[in-house]
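Just so it is clear, the structure is predicted and the values come from calculations on it, not from any experiment. In what follows, chains carry the letters A, B, and so on, assigned in the order in which the sequence lines appear, proteins first and then strands, with residues in each chain numbered from 1.
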Amino acid sequence: MEPSTQKLIHTFGALADLGQEIAGTGDFSEMVRTSMHLLLGTLALRRGAVMECVEAGPLRCAAIWGLGDHFLSGVEIDATQKTAFLKGETADFLVKNTDTSTGFMNQHRDQLVREGIELVLPMIVRGEVTGLILLGGKASGEEFSRDDFDTIRAMVRHIGVGIHTHRLLEQIAQRAEENRRLYDDLRAIYRDTVRAFAAAIDIKDKYTQGHSERVGKYSEIIAREMGWSEEEVEGIQIAGYLHDIGKLIVDRDIINAPYNIDAKNSSELNRHPSAGYEILAPIRHPYADIPLMAKHHHERLDGRGYPDGLTDEQIPMGAKIVSLADSFDAMTTDRPYRRRRSFEDVVRDLRENSGKQFDSKVVAAFARAILKEVTGETKDRRITKLLGKGYLEGEHVATLLQDLITDLDSTQKARSAS
Amino acid sequence: MDTPTGGLVRSHCVGATAVVYASDYLNKLTGEKIERECRRQLSCGCRALVIDFSETKLVNSIGISILLGIIDVAEKCGARIVFSDVNNQTVELFEMLGLTRHVVLAKDEREALLNLSRYETTPVVH
Ligand SMILES: [Fe+2]
């Protein structure tokens, strides 16, 4: 084969490999190292280094071959030297050329010659010097030809753009990570704010302190048991915290006297779901449908609920979950006018009202979640803790839950069969 | 006995000479393994290296750069280096790029060892 043809094939192969290397998404330092080897190997150069310009600091060594580890360590390149590189012609990049116009070469010539560096080329991207590539002489001992310069400059341009692109991608990834953290922070702030709100709602009703927080937690447990995604589970927890936010605009006396309110006051109290919706709707929540869940948490499957008298399919699933969590907490906590109901009584109520007030799928999911705690299938004791010591104790508890689940499942099956 | 190191590189010692076998395609992955093996042999006291190219069909740019690095390290250690059984196409490439100014080419491993025996020095024992 003609040497010129062989050289062409060898150079062409290297350029193809370089293009592939630079377009790759692999490790940055590996990319620079490989690119440098490709450049050195194309002309059989015995040593070389790729140095990156760093804002206000010494050059950063990105790859080095055949040179000491401390080569040009701590060396900076100033604005004047950069400008000289931008204006420089091929002859200016030769170390041996003492007429060179680049101040960098004049400043470091001794060290460069000592280390066997013959050529220093700038990497230029969009009219800016982004780094330097330093190259030793050819293994053949020949001088660099015009063709060699063309090949080197093409490859240096490639490498410069490659490094620049990788750095940009790194910055984008870093920004995305910062944004993600910021978003997480915002969500945490939002959750804290919501919990503070929930506490404010509960303070207004002196007999139901902690109610909103508990409804949030029960809702979260039910939704998770129903297989909702983590994002949706977080959302419904928030909806639980805020479901009674409308009470903030209802007279404190009405809220605190639910056992002897007249029709007028009752309709005032019943305004709270719609009022809640009006408060929540203009807010941009990080989760979907929170205002609707607040609005419909007093709807019933049989259409006898409020504010809209919606029936089964019309009620959002989230509102059905919050509704059950809300009623469950009301039944299982002491009120000034009554003691809390026994678990047996609560299960009876849930059974009777499934399909009328509550969605039986939601009731079954809640019963399964409680049963898992009771049988120890889950280590989590959140419901047990919320209900207080002793409430879920006794062998009959598991049986009650198991029977309820079986009955609800068979009703469900019968309904879907018909 | 041949020692496969790093999964791919075979090598063995004949006196103070290490024979290292290059693989069929000398690129970054295989090149770096050969380089590591050569460095290891030199640090173990070898005074000469034979790199056997009998299985090597192709050497790319990275391979050239790495081979130059091996030549550099060997020179710094004062060790001699011979490339053996290089195919015609690769010989042309080595000649064109000037690698042959720094290494001796031998027809095969036997000739390489014979060539080196003329310069045999006392092995350094660590
Ligand atoms: Fe309510």
Side-chain angles (χ1 to χ4, degrees), chain A residues 1-21 24 26-27 30-50 63-68 115-116 135-145 147-148 151-152 155 158, chain B residues 22-36 38-39 42-43 49 51 53 56-83 86-105:
Chain A
M1 199 188 295
E2 281 284 313
S4 57
T5 314
Q6 173 125 22
K7 192 167 185 178
L8 211 64
I9 291 171
H10 181 67
T11 307
F12 190 73
L15 279 167
D17 286 350
L18 184 62
Q20 212 165 28
E21 191 59 38
D27 178 63
E30 195 60 25
M31 182 279 283
V32 182
R33 210 159 61 91
T34 307
S35 301
M36 184 194 61
H37 273 311
L38 281 165
L39 171 52
L40 297 181
T42 304
L43 295 167
L45 310 180
R46 298 193 63 172
R47 49 191 61 88
V50 179
I64 193 158
W65 188 247
L67 295 159
E115 298 273 4
L135 301 170
K138 292 163 75 172
S140 63
E142 296 161 1
E143 299 273 307
F144 289 106
S145 68
D147 279 354
D148 293 340
T151 305
I152 291 171
M155 292 182 93
H158 252 70
Chain B
S23 57
D24 59 345
Y25 181 32
L26 193 59
N27 56 15
K28 184 169 68 166
L29 191 72
T30 52
E32 284 181 344
K33 281 181 178 160
I34 291 165
E35 192 226 346
R36 270 200 297 278
C38 291
R39 280 179 185 274
L42 290 169
S43 69
L49 285 174
I51 302 181
F53 288 86
T56 308
K57 294 188 191 85
L58 206 66
V59 179
N60 77 353
S61 280
I62 301 177
I64 295 290
S65 180
I66 290 171
L67 287 174
L68 282 169
I70 297 171
I71 293 169
D72 223 33
V73 175
E75 280 178 3
K76 279 177 188 155
C77 296
R80 293 178 47 77
I81 184 160
V82 179
F83 289 175
V86 188
N87 70 29
N88 286 343
Q89 195 189 333
T90 311
V91 167
E92 282 175 18
L93 183 70
F94 287 171
E95 278 173 352
M96 180 190 79
L97 294 171
L99 269 72
T100 40
R101 280 169 40 112
H102 305 272
V103 289
V104 176
L105 296 185

Colleague: Checking side chain to side chain contact (heavy atoms under 4.5 Å, CB included) against B:Ser61, which of A:Leu39, A:Thr42, A:Thr11 comes through?
Modeller: A:Thr42
Colleague: At their closest point, which heavy atom of A:His37 faces which heavy atom of B:Ser65, and how far apart are they?
Modeller: ND1-OG, 2.7 Å
Colleague: Atom CD in B:Glu95, atom OG in A:Ser140: separation rounded to 0.5 Å?
Modeller: 12.5 Å
Colleague: Within a reach of under 6.0 Å around CD of B:Glu75, are more than 12 heavy atoms found that belong to other residues, nucleotides or ligands?
Modeller: yes
Colleague: Please name the pair of heavy atoms, one in A:His10 and one in B:Asn60, separated by the smallest distance, quoted to 0.1 Å.
Modeller: CE1-C, 4.2 Å
Colleague: Spell out, as yes or no, whether a donor-acceptor pair under 3.5 Å connects the side chain of A:Arg46 to the backbone of B:Gly69.
Modeller: no
Colleague: For A:Leu43 and B:Leu97, which heavy atoms make the closest approach, and how far apart are they?
Modeller: C-CD2, 4.2 Å
Colleague: Among B:Leu68, B:Thr100, B:Ile71, who wins on heavy-atom pairs under 4.5 Å with chain A?
Modeller: B:Leu68
Colleague: For the candidates A:Gly141, A:Gly13, A:Gly41, A:Ala14, which exhibits the highest count of non-hydrogen atom pairs separated by less than 4.5 Å from chain B?
Modeller: A:Gly41
Colleague: Check the pair A:Glu30, B:Lys28 against salt bridge (Lys or Arg N to Asp or Glu O under 4.0 Å), reporting the backbone distance first and the verdict last.
Modeller: CA-CA 11 Å; A:Glu30 195 60 25; B:Lys28 184 169 68 166; 3.0 Å; yes
Colleague: Between A:Leu18 and chain B, with a heavy-atom cut-off of 4.5 Å, which part of the residue counts as in contact: side chain, backbone, both or neither?
Modeller: neither
Colleague: Could you give the distance from CD1 (B:Ile66) to CH2 (A:Trp65), rounded to the nearest 0.5 Å?
Modeller: 6.0 Å
Colleague: Any chance CD of A:Glu143 has more than 12 other-residue heavy atoms, nucleotides or ligands included, within less than 6.0 Å?
Modeller: no
Colleague: Please give me the minimum heavy-atom distance between A:Ala44 and B:Leu99, naming the atom from each residue.
Modeller: CB-CD1, 4.0 Å
